Student: 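Before I ask anything, here is the structure I am working with.
Everything numeric here is computed off the predicted structure, so don't read it as measured data. For the numbers below, each heavy atom of this structure counts, side chains included, while hydrogens, waters and symmetry mates do not.
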Number of protein chains: 2
Amino acid sequence: MSLAHAILASLIDDSCSGYTLAKQFDGSVGFFWQASHQQIYRELSKLDKLGWIVPEMITQEGKPDKKVYSVTQAGKLKLQEWIAQPCEPMQVKDDLLVKIFSGYIVSEQTILQQLEHHRQAHIEKLSTYRNLEQKYFQNPQQLSQSAKFQYLTLRKGIRYETQWVEWCNEAMELLNKN
Amino acid sequence: MSLAHAILASLIDDSCSGYTLAKQFDGSVGFFWQASHQQIYRELSKLDKLGWIVPEMITQEGKPDKKVYSVTQAGKLKLQEWIAQPCEPMQVKDDLLVKIFSGYIVSEQTILQQLEHHRQAHIEKLSTYRNLEQKYFQNPQQLSQSAKFQYLTLRKGIRYETQWVEWCNEAMELLNKN
DNA sequence: GGTGCCATGTAACGAGTTACATGATTGG
DNA sequence: CCAATCATGTAACTCGTTACATGGCACC
C-alpha cells in the first residue's frame, strides 16, 4: 500500500500529472521511494476510482494534453491515518552485501572492484545531497514546517550515503591488509 | 534474480533444508536479504530444475523427513559469475521517510511517536549486532577468509543501525526546538 | 533527419505477500 | 490440552519490471 501513500504525499505537496510524478520519483522523492511511470499510471487510476484523488484535464498547445491530479479531502484523511499508524523499520535488501557475504569464493580483486565502484557512486550521491543542503536549507531553524520535514529526509540521505562511503573504506582497508 | 543468488550464497556457506534456510533468512543473513518460506521453496525447486543445486533426502526419526540442498559446480560457477558482474547501489524505500516527508499534515506528537518507536527498534538491533561482534569477531585481522567477509556484512549492519539512531536523535531535536 | 522531451497508456511476466493446508513431536 | 518446533508445500493476489505502442514539438 505504500506506493499509494507515497503518491498522495507527493501530490499533496504539489498537484501534478503522472508524467511529472514519475520524474519526482526519479529525483528528489526518489531518495525514499521510486516507481516507474507504468506503476504510477496504474496506481493513479486506482486512487481515482477510490476517490482519493481527482484529475483535471489540461489542454496544452504544442504539447500533449495532460491530467493534473489533486488529493481530495478523503485522500488527505487516508494519508493522515496511515501516517499515524505505527510501522516497523523496513528490511534491508542489498545485492552488494550478498556478494560480500560470498566474497571468499572469488578473487579479492573482484570484490575490491565492486567496493570501489559503489564507493564512487555513493560519493557522487553524497555530493549532490550536500549541494541541495547548502542551496535550500542554510539555517534549519527558520524553515517553514513543510520545508523542515523535507530537510529531515535530506539529512537522512546525507547520513545514509556518508555511512556507505565510510563502510566501503573500512572494507577495502581490511581486505588490503590481507 | 537476487533471491536465487542469496540462496546460493547461503547454501554454499552451509548446505541445509528449505526450512533451515527460511530461518537463516529470518536471522543472520536476514540483515541483507529476506524471504518467506513459500518463496524459498518455490525458488529451491527452480534452482533444482536448473541443476544449480541438488537435494539429498534425509529420513529422520521423531521429525519429518527433509531435503538437504547442496550447491553444484554449475551453481557455484553461476554465483561466481554473478558476483563479478557490476551492480548499482540498491534504491532505498522507506515508509517512515514518506511519513516524515508529509509530517506537516499531522500533529507533531504523531511524528515524534513514530521517531521514538523507530529509535528504540534501531537501538535494539544495534545492540544485538554489537553482541555478535564481541562474541565472534574479536580481532578481525586473524579471521578466516569466509569469516572476514561475514564480519564485513556485520560491520555494515552496525553502521546502518548507528546512523539510524543518530538521525532519529537529530530529527527529534529539530522538532522539539520547534 | 535523428535525438530527446512531453504525455499516456497496455500486456506479459517475475517477485513478494497472505492465506490455506497437513501432521508428528516436545515442553509447559 | 495448548502452543511451539520441525518440515513441506499450493493458490490467489498484489506489487514491480520489461517490453511494446503512439505521436507531436524543439533543437542541433
Side-chain angles (χ1 to χ4, degrees), chain A residues 1-8 11 15-27 29-30 32-50 53-69 82 87-88 90-95 98, chain B residues 1-8 11 15-27 29-30 32-50 53-69 82 87-88 90-95 98:
Chain A
M1 285 249 104
S2 275
L3 174 56
H5 296 109
I7 288 177
L8 289 175
L11 286 180
S15 295
C16 65
S17 66
Y19 184 84
T20 313
L21 260 179
K23 296 219 123 183
Q24 281 174 253
F25 274 76
D26 214 60
V29 182
F32 49 88
W33 214 269
Q34 321 80 39
S36 60
H37 79 271
Q38 294 90 334
Q39 247 184 302
I40 287 168
Y41 285 120
R42 192 208 270 162
E43 202 69 27
L44 282 174
S45 56
K46 219 187 279 181
L47 293 177
D48 187 1
K49 271 176 205 157
L50 285 168
I53 59 175
V54 266
E56 188 194 356
M57 286 298 301
I58 308 275
T59 51
Q60 296 180 119
E61 281 167 41
K63 287 180 191 177
D65 298 350
K66 63 179 175 180
K67 288 187 211 169
V68 170
Y69 288 96
W82 176 75
C87 63
E88 295 312 307
M90 293 268 111
Q91 295 182 308
V92 176
K93 280 200 177 183
D94 203 293
D95 273 357
V98 175
Chain B
M1 288 252 100
S2 275
L3 174 56
H5 296 108
I7 287 177
L8 289 175
L11 286 179
S15 295
C16 65
S17 65
Y19 184 85
T20 313
L21 260 180
K23 298 219 120 183
Q24 281 173 254
F25 274 76
D26 213 61
V29 182
F32 50 86
W33 212 269
Q34 321 79 40
S36 59
H37 79 271
Q38 294 91 333
Q39 246 184 301
I40 287 168
Y41 285 120
R42 192 208 271 159
E43 202 69 27
L44 282 173
S45 56
K46 218 188 280 181
L47 293 177
D48 187 1
K49 270 176 207 158
L50 284 168
I53 60 176
V54 266
E56 188 193 355
M57 286 298 300
I58 308 277
T59 50
Q60 296 181 117
E61 281 166 40
K63 287 182 190 175
D65 298 351
K66 62 181 178 179
K67 289 186 210 170
V68 170
Y69 288 95
W82 176 74
C87 63
E88 294 313 306
M90 293 267 110
Q91 295 182 308
V92 176
K93 280 199 179 184
D94 203 293
D95 273 358
V98 176

Student: B:Gln39 has an atom CD; how far is it from atom C1' of C:dT18, in whole Å?
Tutor: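 Atom-to-atom, B:Gln39 to C:dT18, this comes out as 12 Å.
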
Student: If you compare all heavy atoms of B:Pro55 against all heavy atoms of B:Tyr69, which two are closest, and at what distance to 0.1 Å?
Tutor: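 The pair with the smallest heavy-atom distance is CB-CE2, 3.5 Å.
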
Student: Just compare C:dC6, C:dG9, C:dA15 and give me whichever is closest to any side-chain atom of A:Lys67.
Tutor: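 That would be C:dG9.
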
Student: Is the phosphate of C:dT8, meaning OP1 or OP2, less than 4.0 Å from a side-chain N or O of A:Tyr19?
Tutor: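 No, A:Tyr19 has no side-chain N/O under 4.0 Å of OP1/OP2 on C:dT8.
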
Student: Find the distance A:Asp65:CG to D:dG23:P and express it as a whole number of Å.
Tutor: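 Distance check: A:Asp65 CG to D:dG23 P gives 15 Å.
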
Student: What closest approach, in Å, do A:Asp95 and B:Cys87 show between heavy atoms, and which atom pair accounts for it?
Tutor: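 A:Asp95 and B:Cys87 have their closest heavy atoms at CB-SG, 4.3 Å.
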
Student: Nearest whole Å is fine: how far is D:dC6 P from B:Asp26 CG?
Tutor: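 In whole Å, D:dC6 P lies 12 Å from B:Asp26 CG.
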
Student: Applying salt bridge (charged side-chain N to carboxylate O under 4.0 Å, His left out), can you list everything that pairs with A:Lys23, at least two apart in sequence or on another chain?
Tutor: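 So A:Lys23 forms no salt bridge (charged side-chain N to carboxylate O under 4.0 Å, His left out) with any residue.
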
Student: Rounding to an integer number of Å, can you tell me how far B:Arg42 CZ sits from C:dG14 C1'?
Tutor: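 In whole Å, C:dG14 C1' lies 9 Å from B:Arg42 CZ.
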
Student: Looking at the side chain of A:Tyr41, which of C:dG9, C:dC6, C:dT17 is the nearest nucleotide?
Tutor: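 My answer, after comparing the listed nucleotides, is C:dG9.
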
Student: Please tell me which of B:Gly18 and B:Lys93 maps to the more 5' nucleotide of DNA chain D, matching each residue to the nucleotide holding its nearest heavy atom.
Tutor: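 Its nearest nucleotide lies further toward 5', so the answer is B:Gly18.
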
Student: Both A:Trp33 and B:Val68 contact DNA chain D. Taking the nearest nucleotide for each, which residue is further toward the 5' end?
Tutor: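 Checking each residue's closest nucleotide, the 5'-ward one belongs to B:Val68.
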
Student: Nearest of C:dA7, D:dA7, C:dG16 to any side-chain atom of B:Gln60?
Tutor: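 The listed nucleotide nearest to B:Gln60's side chain is D:dA7.
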
Student: May I have the distance from A:Lys66 (atom NZ) to C:dC5 (atom C1'), rounded to whole angstrom?
Tutor: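 Interatomic distance, NZ of A:Lys66 to C1' of C:dC5: 13 Å.
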
Student: Out of C:dA15, C:dA12, D:dG9, which nucleotide sits closest to the side chain of B:His37?
Tutor: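 Nearest nucleotide to the side chain: D:dG9.
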
Student: Below 4.0 angstrom from OP1 or OP2 of D:dC15, is there any side-chain N or O of A:Lys46?
Tutor: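 True: A:Lys46 side-chain N/O within range (under 4.0 Å) of D:dC15 OP1/OP2.
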
Student: Can you tell me how far C1' of C:dG9 sits from CG of A:Leu44, to the nearest Å?
Tutor: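 The distance from CG of A:Leu44 to C1' of C:dG9 comes to 12 Å, rounded to the nearest Å.
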
Student: Can you tell which of A:Val54, A:Leu3, A:Ile53 makes a side chain to side chain contact (heavy atoms under 4.5 Å, CB included) with A:Leu47?
Tutor: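 Only match with A:Leu47 under side chain to side chain contact (heavy atoms under 4.5 Å, CB included): A:Ile53.
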
Student: Send over the distance from B:Ile7 CD1 to C:dA15 C1', rounded to a whole Å.
Tutor: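 Nearest whole value for this atom pair: 12 Å.
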
Student: Looking at the side chain of B:Leu3, which of C:dT8, C:dG16, C:dA15 is the nearest nucleotide?
Tutor: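 Shortest atom-to-atom distance from the side chain points to C:dG16.
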
Student: Can you tell me which nucleotide in C:dT8, D:dT8, D:dC6 comes closest to the side chain of B:Ser17?
Tutor: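 Among C:dT8, D:dT8, D:dC6, the one nearest the side chain of B:Ser17 is D:dT8.
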
Student: A:Lys23 side chain N/O closer than 4.0 Å to the phosphate oxygens (OP1, OP2) of C:dC6?
Tutor: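 So the side-chain polar atoms of A:Lys23 do come within 4.0 Å of the phosphate oxygens OP1 or OP2 of C:dC6, strictly under.
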
Student: From the options D:dG23, D:dC15, D:dA7, select the nucleotide whose nearest atom is closest to the side chain of A:Pro64.
Tutor: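 The nucleotide sitting nearest to the side chain is D:dG23.
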
Student: Of the listed nucleotides (D:dA7, C:dC6, D:dA19), which one gets closest to any side-chain atom of A:Gln38?
Tutor: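 Nucleotide nearest to A:Gln38's side chain: D:dA19.
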
Student: Could you tell me how far apart A:His5 (NE2) and D:dT14 (P) are, to the nearest whole angstrom?
Tutor: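 Checked: the NE2 to P distance equals 16 Å.
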
